[in-house]
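For ligands, and for the atoms within them, numbers begin at 1 and follow the listed sequence.
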Amino acid sequence: MIAILKAKRERNDTQPVYWAHKSEKFDVNKETAQRLGEEILLGGNIRLLPGATPRIGEVDDEGVDRLVIRINEFKQTDGIDLYHALSFPMQNVIACIGSQGPVPIFDKLGVQTISCTAGVCKVAKEGDRLVLLTAEYESTRKGVYVVGGAISPSYMKICEGAIQEEKHPNLIYTAINDAYRVMEAIRQKLGM
Ligand SMILES: Cc1cc2nc3c(=O)[nH]c(=O)nc-3n(C[C@H](O)[C@H](O)[C@H](O)COP(=O)(O)OP(=O)(O)OC[C@H]3O[C@@H](n4cnc5c(N)ncnc54)[C@H](O)[C@@H]3O)c2cc1C
């Protein structure tokens, strides 16, 4: 996002970059906040849309799919809702769906997750659910392994009878490394 902002500024593109977030607060790390602040001081044109509700499914007269971001909703007594919204052509939209593991998929697969309690996790936040894995990335459902981006930025590692949060950077290298270790573990199990 900061790279897009910078590229637009350098090309004197005055159209803003819109950053919509479902929360009222934009929770960014110190480095991102600093870089964003610098970019804004240099003239980067960004509009923040907190508390935004995205809606897909709208198609305009030219057949272009659009993303509608509702900013305010006004419930009326007659049952008709009024809302302010911005509509963006989908090809200009970058969706950031977060970096937490796909918990609903884990639930569907019967793969166990554990909720972080206060003071236990350093990477994950309190209440985040982390998948429980062995050192070979096998879940509590035997034969189901979870690797790569699905276990980033951290997971719960079962090691020598104890369970602790394990940091797991979301990188191509770690994803490939995980897969290699899983392949090795399966190969050994099969006695190959
Ligand atoms: C903008 C961006 C820049 C990045 N830059 C770097 C970088 O410079 N260097 C680096 O090392 N890493 C970078 N990363 C991280 C890197 O992309 C990931 O670590 C890596 O792709 C993880 O690989 P993966 O195979 O685990 O997951 P992914 O590559 O995310 O693959 C998961 C696949 O599963 C599919 N999928 C999801 N849900 C379902 C479902 N329900 N059913 C079927 N399919 C599904 C997805 O469509 C996707 O194709 C970047 C990531 C992003 C988003």
Side-chain angles (χ1 to χ4, degrees), residues 1-11 13 15-23 26-40 44-49 52 54-57 65-67 69 88-114 116 121-125 128-159 165-187 189:
M1 192 264 306
I2 297 170
I4 297 170
L5 198 57
K6 184 173 179 225
K8 282 169 81 76
R9 176 177 58 78
E10 286 173 350
R11 282 164 186 74
D13 179 341
Q15 208 183 34
V17 172
Y18 290 87
W19 185 10
H21 198 302
K22 63 178 183 174
S23 303
F26 284 72
D27 198 5
V28 293
N29 64 30
K30 205 172 151 192
E31 193 203 330
T32 307
Q34 206 169 352
R35 288 179 56 210
L36 184 59
E38 281 167 11
E39 197 44 52
I40 292 169
N45 190 0
I46 188 164
R47 305 264 170 89
L48 302 179
L49 305 174
R55 296 267 190 279
I56 51 171
D65 287 319
R66 301 189 73 93
L67 176 78
I69 300 282
F88 300 89
M90 207 62 121
Q91 67 264 33
N92 295 353
V93 171
I94 299 173
C96 303
I97 56 170
S99 55
Q100 293 299 320
V103 172
I105 296 177
F106 296 151
D107 287 344
K108 255 191 187 164
L109 291 171
V111 163
Q112 196 182 339
T113 54
I114 292 186
C116 283
C121 295
K122 289 201 174 92
V123 180
K125 292 193 293 293
D128 285 348
R129 282 168 63 197
L130 301 183
V131 65
L132 190 60
L133 300 175
T134 66
E136 282 76 41
Y137 302 106
E138 189 170 16
S139 70
T140 50
R141 186 167 167 193
K142 292 290 156 229
V144 176
Y145 295 79
V146 191
V147 297
I151 57 170
S152 299
S154 68
Y155 65 97
M156 286 292 190
K157 185 173 173 181
I158 311 166
C159 200
E165 188 191 29
E166 183 79 7
K167 203 173 160 186
H168 187 276
N170 191 3
L171 295 171
I172 296 164
Y173 165 80
T174 40
I176 292 171
N177 201 36
D178 299 348
Y180 177 78
R181 280 177 61 183
V182 168
M183 294 280 285
E184 277 298 302
I186 294 173
R187 198 175 59 80
K189 263 192 188 174

Margin query: Please list the nearest protein heavy atom to atom 39 (C) of ligand 1 with its residue and the distance rounded to 0.1 Å.
Written below: I105 CD1, 4.6 Å

Check: For atom 26 (O) of ligand 1, what is the nearest protein heavy atom, given as residue, atom name and distance?
Finding: G149 N, 2.8 Å

Note to self: Do the side chains of E138 and K189 get close enough for a salt bridge, i.e. N-O under 4.0 angstrom?
What the structure shows: yes

Checklist line | Distance from atom 9 (N) of ligand 1 to nearest protein heavy atom, with residue and atom | finding: I172 CD1, 4.2 Å

Check: Can you tell me if S152 uses its side chain to pair, donor with acceptor, with the backbone of H168 under 3.5 Å?
Finding: yes

Note to self: Starting from atom 25 (O) of ligand 1, what is the nearest protein heavy atom, named by residue and atom, and what distance separates them?
What the structure shows: A175 CB, 4.6 Å

Item checked: Polar proximity ligand 1 side, G148 side, N/O cut 3.5 Å exclusive -> no

Check: If you look at every heavy atom in A179 and V147, which pair is closest and at what distance?
Finding: N-CG1, 4.4 Å

Checklist line | Per-atom contact, atom 18 (C) of ligand 1, protein heavy atoms, under 4.0 angstrom | finding: yes

Margin query: Ignoring hydrogens, what is the shortest heavy-atom contact between E165 and V123? Give both atom names and the distance.
Written below: OE1-N, 3.1 Å

Check: Does atom 11 (O) of ligand 1 have a protein heavy-atom neighbour under 4.0 Å away?
Finding: yes

Note to self: Looking only at protein heavy atoms, which one is nearest to atom 20 (C) of ligand 1, and what is the separation?
What the structure shows: N170 OD1, 4.2 Å

Notebook entry, point to check: With K6, which residues qualify under side-chain contact (heavy atoms from CB on, under 4.5 Å), at least two apart?
Noted result: R9, E10, E39

Next item on the list: Look at atom 15 (C) of ligand 1 and say whether a protein heavy atom is found at less than 4.0 angstrom from it.
Entry: yes

Notebook entry, point to check: Are there protein heavy-atom neighbours of atom 41 (N) of ligand 1 below 4.0 Å?
Noted result: yes

Item checked: Exercise: identify the closest heavy-atom pair between R181 and A135 -> NH2-O, 2.8 Å

Note to self: For Y18 versus L49, what's the shortest heavy-atom pair and its separation?
What the structure shows: CD2-CD1, 4.1 Å

Check: What's the shortest heavy-atom distance between I69 and A20, and which atoms?
Finding: CD1-CB, 4.0 Å

Margin query: If you scan the protein for heavy atoms around atom 30 (O) of ligand 1, do you find one that is closer than 4.0 Å?
Written below: no

